[in-house]
Amino acid sequence: MMAFFWQRALLVSLAAAVSVYADMKLDCGTDFVTLVWTEGRSRADTSLFRLGNCFPTSFSATEAVFSVDFDDCDFRRIVTGDRMMFTNDLTYSSDSTPLSFSHPVVCAYERPEDWYPRLYAPIFNTYGLGDLEFHFGLMNADFSGPAESTSFPLGSFIPIMASVAQESHQPLLLFLQECVAATTPELQPESTLYPIIANEGCLVDSLVSRSKFEPRQKSSELHLSLQAFRFGLGEEVFIHCKLMAWDPNSLDNTKKACHYVKEHGWEQLDNSASRYLCACCESDCKSRRVRSLASGKRGMAQQAVLGPLTITDVNY
């Protein structure tokens with residue numbers, strides 16, 4: 001059964017060839033990948049190609065070959081819905097020439113029915129990114145366990161937990177940078193959206209509701225009590241978010257968790273003394289480029305989708 005699954009692997013190419021004289025062949029196997037990059041003209045030093053952090057398995061004047069396992073080369077595993085993807089980047093750089101590029105490499109599969117991530121529950125999604133593992137799910141009322149239902153009456157609270165497992169990293173704070181509700185599992189240009197969190201961590205829905213961030217139990221978790229809204233009433237609703245794991249010693253107004261408290265204004269979840277970080281919530285919070293922990297920097301982001309869930313009107 002498992003062998004049958006892997007034979008149905010799909011190969012996804014996300015970018016055009018860097019040169020009209022180059023060709024890339026990719027063979028996605030059960031737990032390995034073979035990549036062959038061929039240069040029609042010998043302009044590049046093929047020994048300088050890298051797949052993640054791996055050197056070529058073999059190379060010639062016009063060809064670089066990689067035969068590696070997914071456990072090697074810093075492959076990233078992303079699991080969402082019924083898909084499992086292994087992603088990496090083929091890169092080239094040379095000190096002697098200005099030629100350099102990065103080419104995405106993706107192997108996509110149907111998720112095996114017997115594969116479950118840690119802490120998995122049917123209303124949880126888990127995303128692996130490097131050494132970090134992000135979790136995003138619906139919880140019961142006191143956040144002590146998974147939700148028993150994905151249906152919520154209008155005006156009730158939808159308990160949502162986001163977390164990051166960080167076995168080999170320094171302690172990180174988990175934030176929800178942006179969240180929107182949509183009636184589709186994938187965002188499309190024509191999608192109608194309901195903004196929930198915007199402006200780098202501002203819970204804008206709290207301006208018109210009782211939605212709020214709950215006090216942290218762990219730095220690596222964030223609990224959101226979202227008041228069920230009229231958007232998508234009676235339809236399947238999906239919540240699309242950008243999760244951010246960040247160094248707690250390097251926070252600014254783009255790394256925050258702010259909600260609006262009636263008659264008090266914007267409050268910062270992690271430190272009331274730093275509520276000034278929320279001052280930009282109704283204007284524009286300047287965004288800085290996210291830098292990778294893998295290179296010794298400050299944080300890492302991950303897109304995530306939660307749903308479907310349904311909001312019902314008991315008076316309808």
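Quick caveat, the model's predicted, so the values are computed rather than measured.
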Q: For the residue pair Leu176 and Cys241, what are the closest heavy atoms and their distance?
A: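 Minimum heavy-atom contact is CD2-CB, 4.2 Å.
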
Q: When you check the gap from the basic side-chain N to the acidic O, do Lys242 and Glu178 get nearer than 4.0 Å?
A: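 Answer for the salt bridge query: no.
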
Q: Contact between Thr62 and Thr46 at the side-chain level, heavy atoms closer than 4.5 Å - yes or no?
A: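 The answer is no; the side chains never approach within 4.5 Å.
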
Q: Say whether Ile158 and Leu203 are linked into one hydrophobic cluster, either directly or through other cluster members, by side-chain heavy-atom distances under 4.5 angstrom.
A: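 Shared cluster, yes.
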
Q: Do Leu138 and Ile160 have side chains that approach each other closer than 4.5 Å (heavy atoms only, starting at C-beta)?
A: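 Touching, per the 4.5 Å side-chain cut-off.
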
Q: I'd like to know whether Phe70 forms a side chain to side chain contact (heavy atoms under 4.5 Å, CB included) with Phe32, so could you lay out the CA-CA distance, the side-chain angles of the two residues, the decisive distance to 0.1 Å, and finally the verdict.
A: CA-CA 5 Å; Phe70 287 130; Phe32 68 93; 5.8 Å; no

Q: When you measure from the side chain of Asn140 to the backbone of Gly145, do you find a donor-acceptor pair of N or O atoms at a distance under 3.5 Å?
A: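 The answer is yes, because a donor-acceptor pair under 3.5 Å joins these two groups.
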
Q: Please check if any side-chain donor atom of Thr91 sits under 3.5 Å from a side-chain acceptor atom of Arg50, or the reverse.
A: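 Not at all, the side chains of Thr91 and Arg50 share no donor-acceptor pair under 3.5 Å.
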
Q: Is the closest side-chain heavy-atom distance between His223 and Gln217 below 4.5 Å?
A: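 Contact flag for His223/Gln217 side chains = yes.
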
Q: Can you tell if the side chain of Glu221 reaches within under 4.5 Å of the side chain of Arg216, non-hydrogen atoms only?
A: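 Sidechains of Arg216 and Glu221: no contact.
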
Q: Could you check, using the six-membered ring where one of them is a Trp, whether Phe86 and Phe75 have ring centers closer than 6.0 angstrom?
A: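 No.
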
Q: Filter on side chain to side chain donor-acceptor pair (under 3.5 Å), then keep only pairs touching residues 204-213, sequence neighbours left out; what's left?
A: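 Residue pairs passing side chain to side chain donor-acceptor pair (under 3.5 Å), neighbours aside: Tyr194-Asp205, Asp205-Ser209, Asp205-Ser211, Ser209-Ser211.
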
Q: For the atom pair OG (Ser67) and CG (Asp27), what is the distance rounded to the nearest 0.5 Å?
A: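 Reported to 0.5 Å precision, the distance equals 9.0 Å.
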
Q: Is there side-chain contact between Phe213 and Asp270, with at least one heavy-atom pair below 4.5 Å?
A: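 No, too far: nothing below the 4.5 Å cut-off.
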
Q: If you count every heavy atom of other residues, nucleotides or ligands that lies below 6.0 Å from Phe59 atom CZ, does the total exceed 12?
A: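 At most 12 heavy atoms, drawn from other residues, nucleotides or ligands, come within 6.0 Å of this atom.
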
Q: Taking all non-hydrogen atoms of both residues, which atom of Ala304 and which atom of Phe136 are closest, and how far apart?
A: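 Here Ala304 and Phe136 meet closest at CB-CD2, 3.6 Å.
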
Q: For Thr184 and Ser191, which heavy atoms make the closest approach, and how far apart are they?
A: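 Shortest heavy-atom separation between Thr184 and Ser191 comes out as OG1-OG, 3.7 Å.
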
Q: Under 3.5 Å, is there a donor-acceptor pair between the Glu214 and Ser225 side chains?
A: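 Glu214 vs Ser225: donor-acceptor pair found between side chains.
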
Q: State whether the number of non-hydrogen atoms from other residues, nucleotides or ligands found under 6.0 Å of Glu263 atom CD is greater than 12.
A: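 Result for CD/Glu263: open.
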
Q: Just how far is it from atom CD of Glu39 to atom OG of Ser60, taken to the nearest 0.5 Å?
A: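 Glu39 atom CD to Ser60 atom OG measures 10.5 Å (nearest 0.5 Å).
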
Q: To check you understand the geometry: which heavy-atom pair defines the closest contact between Ser220 and Leu174, and what is its length?
A: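 So the minimum-distance heavy-atom pair works out to O-CB, 3.6 Å.
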
Q: Show the numbers, then the answer: is there a side chain to side chain contact (heavy atoms under 4.5 Å, CB included) between Asn199 and Asp284?
A: CA-CA 7 Å; Asn199 227 344; Asp284 182 30; 3.9 Å; yes

Q: Identify whether Val208 and Ile197 are in the same connected component of the hydrophobic contact network (ILVMFWY, side-chain heavy atoms under 4.5 Å).
A: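 Val208 clusters together with Ile197.
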
Q: Distance check, rounded to the nearest 0.5 Å: Leu187 atom CG versus Gln303 atom CD?
A: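 Result: 8.5 Å between the selected atoms.
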
Q: Taking C-beta and beyond as the side chain, do Phe49 and Trp37 meet within less than 4.5 Å on heavy atoms?
A: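 Side chain of Phe49 against side chain of Trp37, heavy atoms only: contact under 4.5 Å found.
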
Q: Using modelled atom types only, decide if a donor and an acceptor are shared between the side chain of Asn88 and the backbone of Cys73 within a distance under 3.5 Å.
A: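 Checking the backbone N and O of Cys73 against the side chain of Asn88, a donor-acceptor pair under 3.5 Å is found.
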
Q: I'd like to check Leu309 versus Ile239 (side-chain heavy atoms, cut-off strictly below 4.5 Å). Are they in contact?
A: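 Yes - at least one pair of side-chain heavy atoms lies under 4.5 Å apart.
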
Q: In this structure, would Leu222 and Leu172 fall into the same cluster of hydrophobic residues linked by side-chain contacts under 4.5 Å?
A: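 Looking at the clustering, Leu172 is in the same group as Leu222.
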
Q: Quick one: closest heavy-atom pair of Leu233 and Leu154, and the distance?
A: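 Residues Leu233 and Leu154, closest heavy atoms: CD1-CD1, 4.3 Å.
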
Q: Do Phe157 and Val237 sit in the same hydrophobic cluster, where Ile, Leu, Val, Met, Phe, Trp and Tyr count as joined when their side-chain heavy atoms come under 4.5 Å apart?
A: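 Different hydrophobic clusters.
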
Q: Between Lys256 (side chain only) and Asn253 (backbone N and O only), is there a donor and an acceptor less than 3.5 Å apart?
A: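 Yes: the side chain of Lys256 pairs with the backbone of Asn253.
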
Q: Could you go step by step and tell me if Val261 and His259 meet the side chain to side chain contact (heavy atoms under 4.5 Å, CB included) rule?
A: CA-CA 7 Å; Val261 180; His259 58 241; 3.6 Å; yes

Q: Would you check if the side chain of Gln227 reaches a backbone N or O of Gly155 as a donor-acceptor pair within less than 3.5 Å?
A: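 Yes: the side chain of Gln227 pairs with the backbone of Gly155.
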
Q: Evaluate whether the separation between SG of Cys202 and SG of Cys281 stays below 2.5 angstrom.
A: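 A disulfide, yes.
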
Q: Quick check for you: to the nearest 0.5 Å, what is the distance between Leu90 atom CG and Met24 atom CE?
A: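 One finds 7.0 Å between CG of Leu90 and CE of Met24.
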
Q: If I compare all heavy atoms of Leu193 with all of Phe231, which pair ends up nearest, and what's the gap?
A: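 Scanning both residues completely, I find the closest heavy atoms to be C-CE1, 4.1 Å.
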
Q: Should the pair Tyr260 and Trp266 be assigned to parallel (<30°), tilted (30 to 60°) or perpendicular (>60°) ring geometry?
A: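 Tyr260 and Trp266: perpendicular rings.
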
Q: Can you tell me if Asp69 uses its side chain to pair, donor with acceptor, with the backbone of Asp71 under 3.5 Å?
A: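 No, Asp69 side chain to Asp71 backbone: no donor-acceptor pair under 3.5 Å.
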
Q: Answer whether the closest heavy-atom distance between the side chains of Val36 and Leu26 falls below 4.5 Å.
A: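 No - every pair of side-chain heavy atoms lies 4.5 Å or more apart.
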
Q: Following the transitive rule for hydrophobic clusters with a side-chain heavy-atom cut-off under 4.5 Å over Ile, Leu, Val, Met, Phe, Trp and Tyr, establish whether Val204 and Phe229 coincide in one cluster.
A: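 No, separate clusters.
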
Q: Check this for me, if you would: do Asp313 and Arg230 make a salt bridge, where the nitrogen-to-carboxylate-oxygen distance has to be below 4.0 angstrom?
A: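 The answer is yes: the pair qualifies as a salt bridge.
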
Q: Judged by atom type as modelled, is there a donor-acceptor pair below 3.5 Å linking the side chain of Asp89 to the main-chain atoms of Ser102?
A: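 Not confirmed, Asp89 side chain does not pair with Ser102 backbone.
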
Q: Let me confirm one number: the CD-CG distance from Glu267 to Leu277, rounded to the nearest 0.5 Å.
A: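 So the gap between those two atoms works out to 12.0 Å.
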
Q: To the nearest 0.5 Å, what is the distance between NE2 on His240 and CD1 on Ile196?
A: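 His240 atom NE2 to Ile196 atom CD1 measures 9.5 Å (nearest 0.5 Å).
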
